[in-house]
S.K.: 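Right, I'll just put the structure down here and ask away after.
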Amino acid sequence: MSGKPVAPHPLVAVPSAAKPQAALRPAVPLPLGLVAPGGARPGQPAPTADELLGRAVEQWQRGARAEAESTAAKALGIKGRAKPADRARILTTLAERLYFADDFVEAAEAAGLALKLDKGATHTRLIRAAALRGWGPLEEAEREARAAVKAAPTALEATDGLVAVLLDQGRPEDAEAAVRALLARAPRASGAHALLARLLRRRGRYDEAAAALQAALACPDAQRARLEWVLGTVLHDAGRHDEAAAAYRRSIALAPKIGDGWAALVNTLQAAGRHDEAAETVRQARAAVPGYEKRFLDLLWPSEPVAIPDAPVDGRRVILVNGFGHYPSIPLGIPLIKGYVTEKGEGYRVTCMDVNAGRFDSLYKALRDGVLHPSFTDREDFVAAATLFRDGGPEFHQPEAYDRHLERFIKFFSLFLDNGLGHTRRADGGGAPLPWWVIRDAERIVAERPGVVGISVTYTDQIPYSVLLARAIRRIDPTVRIVFGGGFFKAIDMEGFLAEAFVDYVVLNAGEAAFLALLEALNAGTADLPAIPGLAFRDPADGRFHISKDGFPVDYNTQPFADFRDFDPKAYFVPDPVYPVLSSRGCYWRRCTFCNHFASYAGTYKTQAIDRVVAEMKHLQETLGAKLFTFVDEMISAKRFWKISTEILAQGLDVHYYALAKPTRDFTPDILEKMHEAGCRAVYWGLESGSERVLALMDKGNDAEGSEIVLRRSSEAGIRNHCFMIIGFPTETRDDLRDTLAFMHRNSAYVDQILAGHFVLEPGTPIHDRPQEFGMRKVYYRRSLCGGFLVGFEPDGWIDQPTAARYAEILRDHFFDLFSPRGRYFGTPREHIVAVYAEEPKGAPRPGKRLPSVAELERMLDDPRQVPQVKTFDLQPVW
């Protein structure tokens with residue numbers, strides 16, 4: 001996975017208290033003797049209350065609870081021996097701060113101690129309930145939330161917290177009952193009606209949600225500007241755009257300088273096909289709201305709503321969707337399912353839709369044709385770069401020209417990606433209406449009248465868009481069955497997601513056979529869905545969950561070929577399309593201590609026969625003219641590469657490809673020469689570190705000396721070496737990092753690019769399961785959909801996360817990015833790697849690299865003043 005993980009969209013995520021502005025990660029302890037607890041350095045001003053509370057959190061987390069309470073007491077102005085009520089206040093404050101530091105376990109503990117002193121403290125109980133919910137024990141969280149409701153039956157915050165827990169448990173009916181009980185107790189509270197509206201909107205019951213908001217507006221305590229905005233959002237999501245626009249205009253009239261109202265109105269007008277009016281509204285918003293253009297970037301182009309035919313859905317018509325959220329590359333999952341269903345099923349018409357590529361393709365065409373608003377002063381530069389990458393040309397193979405075009409392309413692409421992710425995340429969290437372009441995607445899909453829509457999610461960043469698309473499809477036509485699948489989904493904490501109104505089924509693990517079995521069962525009207533391995537769903541009749549952790553048995557040697565015929569190659573911004581090939585599923589090693597990718601295939605490793613793998617490449621070449629490929633296996637062993645290469649040569653295929661592997665000594669000169677002869681032009685090596693000690697902790701099966709040998713051999717064979725690196729691996733010291741930098745210097749002649757990032761802790765990895773063995777003093781456990789959240793941690797005496805992130809950024813900008821002669825962005829469109837290298841003859845000279853010495857790099861790491869500035873993008877939107 002990549003990208004920032006996203007939570008399963010709760011109605012509320014925190015207690016009612018405002019979240020502190022300052023970051024509350026525990027600070028590094030000050031040296032003993034320099035600062036007395038709660039005191040200040042000589043000659044320095046006394047610490048603020050916020051600083052004292054930050055120190056108290058750190059003290060609590062390292063086990064000095066009495067000291068933490070004493071420091072927190074000073075921050076709160078409590079002097080002398082604390083009375084029980086004062087101590088409860090101190091503990092509650094600590095619990096709140098610990099909660100906002102994402103330390104849910106300790107927050108629950110502190111709140112529990114406070115409740116022993118003051119059982120009637122509703123706010124404390126809500127903090128404990130929220131902390132338990134964040135950590136994972138939902139039944140205990142529910143007990144605390146219900147106790148809070150009992151203690152404060154008319155308090156909105158108490159019911160709000162209970163609703164969040166019930167939704168995480170997959171009990172939306174009970175959540176609605178809790179809100180309606182609140183309304184019975186507080187019928188004139190606008191917040192209670194608004195809470196019901198939010199819940200009903202989430203359940204897709206838009207008319208009822210609008211009625212609840214009308215009731216909220218009639219209450220004496222109604223905040224009309226905000227409630228009119230929420231009403232407009234509900235009406236917009238319901239497809240009632242004229243009414244939504246009217247509500248937004250009422251909200252703007254009450255609060256004309258709030259940008260959210262203007263942005264929502266623009267979005268609704270665009271969704272309704274009123275493009276000129278939407279563009280004019282943007283101009284009005286920029287005039288009315290200071291700084292509007294800095295917060296909102298309304299990317300609009302003429303787009304009419306899609307008419308939905310008046311015809312029933314066809315149960316044998318299937319549309320498979322790859323969702324928005326990453327750099328466009330031809331996906332493999334949905335073409336595999338299409339190929340399987342088409343060949344193994346009977347009478348199915350399956351279409352693949354890559355809406356991710358479609359989003360960027362539409363933006364490019366709108367800029368090219370001059371119909372995108374806003375425009376940009378350097379629009380022509382982006383259009384020229386994107387056109388070169390789509391159509392090819394001499395400059396694609398000229399390093400300096402390529403670097404110039406790529407920088408311009410990445411500048412705009414990053415803007416478009418961030419803009420889209422921002423829209424979908426805000427809408428998924430309930431803080432914005434459905435983006436108009438998501439609605440348009442849903443209209444196009446439903447207009448095809450499919451009985452089933454399958455949505456594939458590989459990356460965490462795809463979750464918000466995929467959820468919104470499913471909501472829109474469900475609203476437009478509730479008879480369409482919606483099935484989720486893809487590598488993101490694992491049988492972990494799924495209940496809340498399965499209970500959503502827009503989710504019918506989730507396919508786990510390899511999906512081809514399970515998806516076909518589901519289609520057959522739905523069309524036959526049978527009731528044996530629980531018997532399908534790899535299927536997860538909530539039975540609407542009794543609310544029971546069926547979550548199969550098993551994979552559906554598939555004979556990969558008779559697996560039908562993936563069907564890529566639905567994709568437009570030009571939409572991927574590479575002159576020749578690069579098609580993905582999968583020769584094995586899972587990982588043959590399954591021991592790397594930082595990795596959980598093997599879990600996508602139920603922890604198994606399955607291979608396809610070599611002749612079948614190469615036969616698929618030959619089939620794609622004969623049917624689509626494919627010349628370039630990427631093997632998307634987790635990694636391929638040296639022995640298997642030899643066999644694949646031998647078969648490619650035996651079949652007489654003229655192809656080029658890149659793949660992933662780890663630099664183990666069994667990559668002999670003969671194997672690497674054979675790989676190059678068979679078309680291998682680049683390998684992404686899982687090097688990770690140049691320190692022998694760190695590599696041993698990673699348990700990767702490669703060592704620094706052997707990696708050095710393999711990189712040299714590979715380079716001599718004509719294969720380009722791209723290396724993955726991890727900065728700040730558990731227990732890594734500056735000496736270890738120095739070993740890595742020295743390793744890269746020694747081998748700079750053999751390395752063509754480095755992709756580096758700081759270490760992140762993921763659920764399901766051996767480090768996560770055994771943190772103490774890897775020098776972690778503390779782990780911040782967190783419950784999330786399918787374990788999708790990264791996990792926070794504190795090191796015990798080694799490089800911490802913020803420092804590792806800073807080191808990674810400095811080294812990336814001033815060392816690692818200098819290894820490629822085509823500039824720092826080469827490889828961001830990863831398919832460009834093989835497209836460029838395919839045209840280079842063996843033995844082509846590698847330009848020399850001017851790299852800073854290890855000593856220079858260490859000075860940069862030690863002193864920010866030694867770090868040269870790197871040029872940043874300067875986007876200039878203009879009308």
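All figures in this text were calculated on a predicted structure; none of them were measured in a lab.
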S.K.: Can Arg830 be said to sit on top of Tyr684's aromatic six-ring, NZ or CZ under 6.0 Å from centre and within 45° of the ring axis?
M.R.: yes

S.K.: What I'd like to find out is whether the side chain of His768 reaches to under 4.5 Å of the side chain of Glu762, using heavy atoms alone.
M.R.: no

S.K.: How about Tyr657 and Tyr837: are their ring centres within less than 6.0 Å of each other?
M.R.: no

S.K.: Begin with the C-alpha distance, continue with both residues' side-chain angles, and end with the deciding distance and a verdict on side-chain contact (heavy atoms from CB on, under 4.5 Å) for Glu705 and Arg665.
M.R.: CA-CA 9 Å; Glu705 182 184 10; Arg665 294 171 186 260; 3.3 Å; yes

S.K.: Are the aromatic rings of Phe360 and Phe413 close, with centres under 6.0 Å apart?
M.R.: yes

S.K.: For a side chain to side chain contact (heavy atoms under 4.5 Å, CB included) with Phe729, tell me which candidate from Asp736, Thr593, Ile799 qualifies.
M.R.: Thr593

S.K.: Answer yes or no: is there a donor N or O on one side and an acceptor on the other, between the side chain of Gln462 and the main chain of Tyr459, under 3.5 Å?
M.R.: yes

S.K.: Does the Asp633 side chain pair with the main chain of Ile636, one donor and one acceptor, at a distance under 3.5 Å?
M.R.: no

S.K.: Taking the six-membered ring of Trp685, is the NZ or CZ of Lys662 close enough (under 6.0 Å from the centre) and on axis enough (within 45°)?
M.R.: no

S.K.: To the nearest 0.5 Å, how far apart are NE2 in His397 and CD in Glu395?
M.R.: 11.5 Å

S.K.: Run the side-chain hydrogen bond (donor to acceptor under 3.5 Å, both in side chains) check on Arg713 and Thr668 step by step: do they pass?
M.R.: CA-CA 7 Å; Arg713 290 172 177 171; Thr668 64; over 6 Å; no

S.K.: Answer yes or no: is there a side-chain heavy-atom contact under 4.5 Å between Tyr327 and Pro829?
M.R.: yes

S.K.: Report the residues that fulfil side chain to side chain contact (heavy atoms under 4.5 Å, CB included) with Ala385, sequence neighbours left out, ordered by chain and then residue number.
M.R.: His405, Phe409

S.K.: Going through the distances and angles, do Tyr402 and His832 end up as a side-chain hydrogen bond (donor to acceptor under 3.5 Å, both in side chains)?
M.R.: CA-CA 11 Å; Tyr402 174 89; His832 283 200; 2.7 Å; yes

